**Q** 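Structure in structure tokens, see below.
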Amino acid sequence: MAERSQTAPEAGNDMGNDDAIGGNVSKYIVLPPGYCGQPKKGHLIFDACFESGNLGRVVHVSEFEYDLFIRPDTCNPRFRVWFNFTVENVKESQRVIFNIVNFSKTKSLYRDGMAPMVKSTSRPKWQRLPPKNVYYYRCPEHRKNYVMSFAFCFDREEDIYQFAYCYPYTYTRFQHYLDSLQKRNMDYFFREQLGQSVQQRQLDLLTITSPAGRWSW
């Protein structure tokens, strides 16, 4: 069984601000306050240490409810929108409410019927949660931040569930797509390396030609 992540505080300790958020949680076991035994089924394990993952902190509110804090954008700490994380060690028919409590946007498509995505190991195709189970509102208990809450019922104990803001599209997937285009040797498609990011990832310059001229991205 995984141990607590060093990047996340003890379960039940809501420090009330975003400054406590470091890296992503890594196999972080959320235990009820005061519980000292071995983790049991239903003591949820959260993880976001994978490409495009984002979940910085988890707070145990009650047996059925959890507050989730997302990490800000790399280049702008004021922007907090994206989330993508997994949950495991669930019990069959376990019902939960996840509150993502530190959104930065005042307006969201969640108010107009959009819903988070979910998939699991036995059902790998992304699906949207029912919009009736999703709520987006301003919460005075969290410094008047915007909160998105959604209810969910786990139905398969052996599955690992993954939740995301919308369909994830990773840098690796994009690079594979560009590789496939480049292998086709199309005379109107040009790809060259422009430089590297701060994280030493390749930055591509794409040039697409047409009878009317050229466009570059």
Side-chain angles (χ1 to χ4, degrees), residues 5 7 21-28 45-56 68-88 98 100 102-105 107-131 134 136 148 150 152 156 158-217:
S5 166
T7 62
I21 301 176
N24 281 324
V25 295
S26 177
K27 297 295 183 182
Y28 179 57
I45 300 175
F46 293 80
D47 187 59
C49 280
F50 52 86
E51 188 176 15
S52 81
N54 186 7
L55 180 61
L68 311 181
F69 292 76
I70 55 179
R71 298 167 60 226
D73 286 0
T74 301
C75 296
N76 193 330
R78 297 180 61 187
F79 289 169
R80 300 178 304 276
V81 175
W82 175 256
F83 62 87
N84 188 4
F85 60 91
T86 64
V87 180
E88 57 186 292
F98 291 149
I100 299 181
N102 62 334
F103 273 114
S104 61
K105 293 183 67 175
K107 297 180 180 179
S108 173
L109 291 175
Y110 286 135
R111 286 181 167 178
D112 298 317
M114 192 174 96
M117 311 298 298
V118 63
K119 68 176 183 177
S120 69
T121 46
S122 66
R123 289 156 294 189
K125 185 177 180 180
W126 286 106
Q127 300 180 44
R128 290 200 182 275
L129 296 176
V134 180
Y136 193 83
M148 190 271 290
F150 62 92
F152 190 78
R156 298 183 185 179
E158 302 307 317
D159 272 15
I160 298 175
Y161 294 79
Q162 184 171 351
F163 301 91
Y165 177 86
C166 61
Y167 291 99
Y169 192 82
T170 63
Y171 173 84
T172 297
R173 182 178 174 185
F174 179 57
Q175 288 297 308
H176 288 163
Y177 175 64
L178 294 182
D179 289 342
S180 67
L181 291 179
Q182 196 167 14
K183 290 176 182 178
R184 293 167 62 180
N185 294 319
M186 298 176 289
D187 57 4
Y188 53 84
F189 174 84
F190 300 91
R191 178 191 183 190
E192 54 189 314
Q193 183 172 342
L194 184 63
Q196 289 186 319
S197 71
V198 175
Q199 299 172 323
Q200 303 303 306
R201 292 187 172 92
Q202 178 173 315
L203 300 176
D204 294 289
L205 174 64
L206 306 180
T207 304
I208 301 174
T209 62
S210 77
R214 272 186 164 187
W215 293 270
S216 295
W217 288 269

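All figures in this text were calculated on a predicted structure; none of them were measured in a lab.
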**Q** Report yes or no: does Trp126 contribute a side-chain atom to a donor-acceptor pair with the main-chain N or O of Pro168 at less than 3.5 Å?
**A**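 It does not hold such a pair.
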
**Q** Say whether, by atom type as modelled, one donor and one acceptor occur between the side chain of Asp159 and the main chain of Ser120 under 3.5 angstrom.
**A**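 Not at all, since once roles are kept as given, no pair shorter than 3.5 Å links the two residues.
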
**Q** Does a side-chain N-to-carboxylate-O contact under 4.0 Å join Arg191 and Asp179?
**A**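 Yes, Arg191 and Asp179 are salt-bridged.
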
**Q** First locate atom CH2 of Trp82, then atom CD1 of Ile100, and finally report the distance between them rounded to the nearest 0.5 Å.
**A**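 It is 11.0 Å, given to the nearest 0.5 Å.
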
**Q** In terms of heavy-atom contacts, does CZ of Phe50 have more than 12 from other residues, nucleotides or ligands at under 6.0 Å?
**A**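 For Phe50, atom CZ is crowded (more than 12 foreign heavy atoms under 6.0 Å).
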
**Q** So, do Gln127 and Met117 sit near enough that their side-chain heavy atoms are less than 4.5 Å apart?
**A**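 Gln127 does not reach Met117 side chain to side chain.
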
**Q** Measure the spacing between CG of Asp204 and CD of Glu192 and express it to the nearest 0.5 Å.
**A**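 So the CG of Asp204 and the CD of Glu192 are separated by 9.5 Å.
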
**Q** Run the side-chain contact (heavy atoms from CB on, under 4.5 Å) check on Tyr165 and Ile70 step by step: do they pass?
**A** CA-CA 11 Å; Tyr165 177 86; Ile70 55 179; over 6 Å; no

**Q** Quick one: closest heavy-atom pair of Pro72 and Pro77, and the distance?
**A**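 For Pro72 versus Pro77, the nearest heavy atoms are CB-O, 3.3 Å.
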
**Q** Ignoring hydrogens, what is the shortest heavy-atom contact between Glu51 and Thr172? Give both atom names and the distance.
**A**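 Scanning both residues completely, I find the closest heavy atoms to be OE1-OG1, 2.8 Å.
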
**Q** Show the numbers, then the answer: is there a ring pair (Phe, Tyr, Trp, His ring centres under 6.0 Å) between Tyr110 and Phe150?
**A** CA-CA 11 Å; Tyr110 286 135; Phe150 62 92; 8.6 Å; no

**Q** Could you report the tightest heavy-atom contact between Asn84 and Ser52, atom names first, then the distance?
**A**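 Closest pair (atom of Asn84, atom of Ser52, distance): ND2-OG, 2.9 Å.
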
**Q** Counting distance only, does the side-chain N/O of Asp47 pair as donor-acceptor with the main-chain N or O of Lys27 below 3.5 Å?
**A**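 Flag set: sc Asp47 to bb Lys27 pair under 3.5 Å.
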
**Q** Taking atom OH of Tyr169 as the centre, does the number of heavy atoms from other residues, nucleotides or ligands within less than 6.0 Å exceed 12?
**A**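 For Tyr169, atom OH is crowded (more than 12 foreign heavy atoms under 6.0 Å).
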
**Q** Can you confirm whether more than 12 heavy atoms, excluding those of Arg123, are under 6.0 Å from its CZ atom?
**A**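 Yes, enclosed.
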
**Q** Parallel under 30°, tilted from 30 to 60°, perpendicular over 60°: which one fits the rings of Phe85 and Phe98?
**A**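 Rings of Phe85 and Phe98: perpendicular, over 60°.
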
**Q** In terms of the angle between their ring planes, are Tyr161 and Phe163 parallel, tilted or perpendicular, with boundaries placed at 30° and 60°?
**A**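 The arrangement is parallel - the two ring planes meet at less than 30°.
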
**Q** Evaluate Met148 against Phe83 for side-chain contact (heavy atoms from CB on, under 4.5 Å), listing each step before the verdict.
**A** CA-CA 11 Å; Met148 190 271 290; Phe83 62 87; 3.6 Å; yes

**Q** Working to the nearest 0.5 Å, report the span between CG of Leu178 and CG of Leu206.
**A**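 Reported to 0.5 Å precision, the distance equals 5.5 Å.
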
**Q** Do side-chain atoms of Tyr171 reach the backbone of Gln202 as a donor and acceptor pair under 3.5 angstrom?
**A**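 Yes.
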
**Q** Out of curiosity, Asn54 CG to Arg71 CZ, how far, rounded to the nearest 0.5 Å?
**A**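 Rounded to the nearest 0.5 Å, the CG-CZ separation comes to 6.0 Å.
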
**Q** Looking only at atom types and distance, does a side-chain atom of Asn24 sit under 3.5 Å from a main-chain N or O of Leu55, one as donor and one as acceptor?
**A**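 Side chain of Asn24 to backbone of Leu55: a pair is present.
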
**Q** Rounded to the nearest 0.5 Å, what separation is found between the OG1 atom of Thr121 and the CD atom of Gln162?
**A**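 That separation rounds to 10.5 Å.
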
**Q** Measuring from atom CE of Met114 to atom OG of Ser108, what distance do you get when rounded to the nearest 0.5 angstrom?
**A**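 So the CE of Met114 and the OG of Ser108 are separated by 5.5 Å.
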
**Q** Who passes side chain to side chain donor-acceptor pair (under 3.5 Å) against Arg201, sequence neighbours left out?
**A**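 With neighbours one apart ignored, the set is Gln199.
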
